[in-house]
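Numbering starts at 1 and runs along the sequence shown.
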Amino acid sequence: MTRMSISNTPTTASVDDAADISRSLARAFADDPMMCWFFPDEATREERMVRYFATLLTRHYGRHGVCERTGLAAAFWVAPDGRALPDEETLDELATVLGDRAGVFREGIVVAAEHAPPEDHWYLAVLGADPAGQGQGHGAALLRSGLAKADAAGLPVYLESSKESNVPFYEHFGFTLLGEARLPGGGPTLWVMRRAPQAA
């Protein structure tokens, strides 16, 4: 019996996909240092992360970004005319999910945003694949899809990786490491990366 493969072809994600996407992303980021810092309680981490990613998709990136998915992964992008940081209403809703970690979250996203380049660029805010789909090309397919949009516009791409082990993955796609950003309050390190636009 052959194992059924789940499509790794990117499609546009909508707020109607929030339940599936948020579960996949919560599993994808289960051991992510930044997520573990935002959600230190292991007993409630996954459930709260599901709510966190669902809120980001339905209230922020689904309205102000470009969201794509495969069967087991998702990516949230922001074009130059989009909005990288959540508005106050979204931050208030996220605060109910984050609880007493809402303050460090607010400080963290502000510090991270300070490292964004001043030039027009595409921003890769979230990219994650459910462990069940890792190694099957889901993340790479989503990354290529977004990079193609940025390249078509002649624009660079910027991201922060909260996992040093992911840096080589991004370097494989043409990103270069700009430096490191330490989140406030004893938070983890982010690896800040940029990819120059590439001709088709």
Side-chain angles (χ1 to χ4, degrees), residues 8-13 21 24-38 53 56-57 60-61 64-70 72-86 105 108-131 133-184 187-200:
N8 62 9
T9 302
T11 60
T12 300
I21 287 174
S24 288
L25 289 175
R27 289 190 286 264
F29 285 88
D31 64 347
D32 181 86
M34 189 167 71
M35 290 296 104
C36 292
W37 184 56
F38 289 153
F53 285 115
L56 284 179
L57 175 58
H60 183 62
Y61 294 114
H64 307 293
V66 176
C67 301
E68 293 188 322
R69 66 172 300 185
T70 65
L72 287 168
F76 302 162
W77 301 80
V78 181
D81 59 351
R83 184 189 296 163
L85 290 176
F105 172 78
I109 62 171
V110 169
V111 167
E114 289 171 353
H115 290 79
E119 63 191 333
D120 281 352
H121 63 276
W122 275 68
Y123 172 53
L124 176 55
V126 175
L127 174 64
D130 188 307
Q134 287 175 5
Q136 298 173 28
H138 290 267
L142 288 166
L143 185 56
R144 285 191 190 96
S145 179
L147 294 178
K149 294 176 179 64
D151 286 343
L155 293 173
V157 178
Y158 170 79
L159 64 82
E160 311 102 1
S161 176
S162 47
K163 241 184 175 177
E164 188 175 14
S165 59
N166 287 338
V167 168
F169 170 76
Y170 291 117
E171 287 177 333
H172 176 74
F173 287 90
F175 284 85
T176 57
L177 187 63
L178 298 179
E180 298 176 6
R182 170 71 71 170
L183 294 183
T189 297
L190 300 179
W191 284 267
V192 178
M193 306 189 76
R194 178 189 183 273
R195 177 184 179 272
Q198 298 182 15

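Smallest separation of non-hydrogen atoms from Ala28 and Asp130: CB-N, 4.1 Å. For the pair Pro10 and Leu142, the tightest heavy-atom approach, listed with the atom from each and the gap, is CB-CD2, 3.9 Å. Gln198 and Phe173 make their closest contact through NE2-O, 4.2 Å (heavy atoms, listed as atom of the first residue, atom of the second, distance). Across Val157 and Ala150, no two heavy atoms sit closer than the pair CG2-CB, 3.4 Å. Annotation for Gly139 and Phe169: closest pair C-CZ, 4.3 Å, computed over non-hydrogen atoms. Of all the heavy atoms in Lys149 and Ser145, the pair that sits closest is NZ-OG, 3.1 Å.
Here the OH-CZ distance, from Tyr123 to Arg83, works out to 15.0 Å after rounding to the nearest 0.5 Å. For the atom pair CD1 (Ile21) and CZ (Phe76), the distance works out to 5.5 Å, reported to the nearest 0.5 Å. The CZ atom of Phe175 sits 7.5 Å away from the OH atom of Tyr170 when rounded to the nearest 0.5 Å. Between atom CG of residue Asp32 and atom CG of residue Leu25 there is a gap of 11.0 Å, rounded to the nearest 0.5 Å.
Proximity of Tyr158 to His115: side-chain heavy atoms (C-beta onward) are separated by under 4.5 Å at one or more points. Proximity of Leu159 to Trp77: side-chain heavy atoms (C-beta onward) are nowhere separated by under 4.5 Å. Counting only heavy atoms from C-beta outward, the side chains of Pro80 and Trp122 approach each other to under 4.5 Å. Side chains of Leu143 and Leu124 form a contact here, defined as non-hydrogen atoms less than 4.5 Å apart. Between Lys163 and Asp31, the closest side-chain pair of non-hydrogen atoms falls below 4.5 Å. Counting heavy atoms from C-beta on, the side chains of Arg69 and Thr11 come closer than 4.5 Å.
Between Phe53 and Phe29, the ring-plane angle classifies as tilted under the 30° and 60° cut-offs. Below 30°, between 30° and 60°, or above 60°: for His64 and His60 the angle between ring planes is between 30° and 60°, a tilted geometry.
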Which atom pairs, one a donor and one an acceptor, fall under 3.5 Å between side chains of residues 176-184 and the rest of the protein, sequence neighbours left out?
residue	atom	partner	partner atom	Å
Thr176	OG1	Arg194	O	3.2
Glu180	OE2	Trp191	NE1	3.4
Arg182	NH1	Gly187	O	2.9

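A donor-acceptor contact shorter than 3.5 Å links the side chain of Gln134 to the backbone of Ala129. The backbone N or O of Gln136 sits nowhere less than 3.5 Å from a side-chain atom of His138 that would complete a donor-acceptor pair.
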Inset, instruction - Step by step, work out the side-chain contact (heavy atoms from CB on, under 4.5 Å) result for Arg195 and Asp151. - result: CA-CA 10 Å; Arg195 177 184 179 272; Asp151 286 343; 2.9 Å; yes
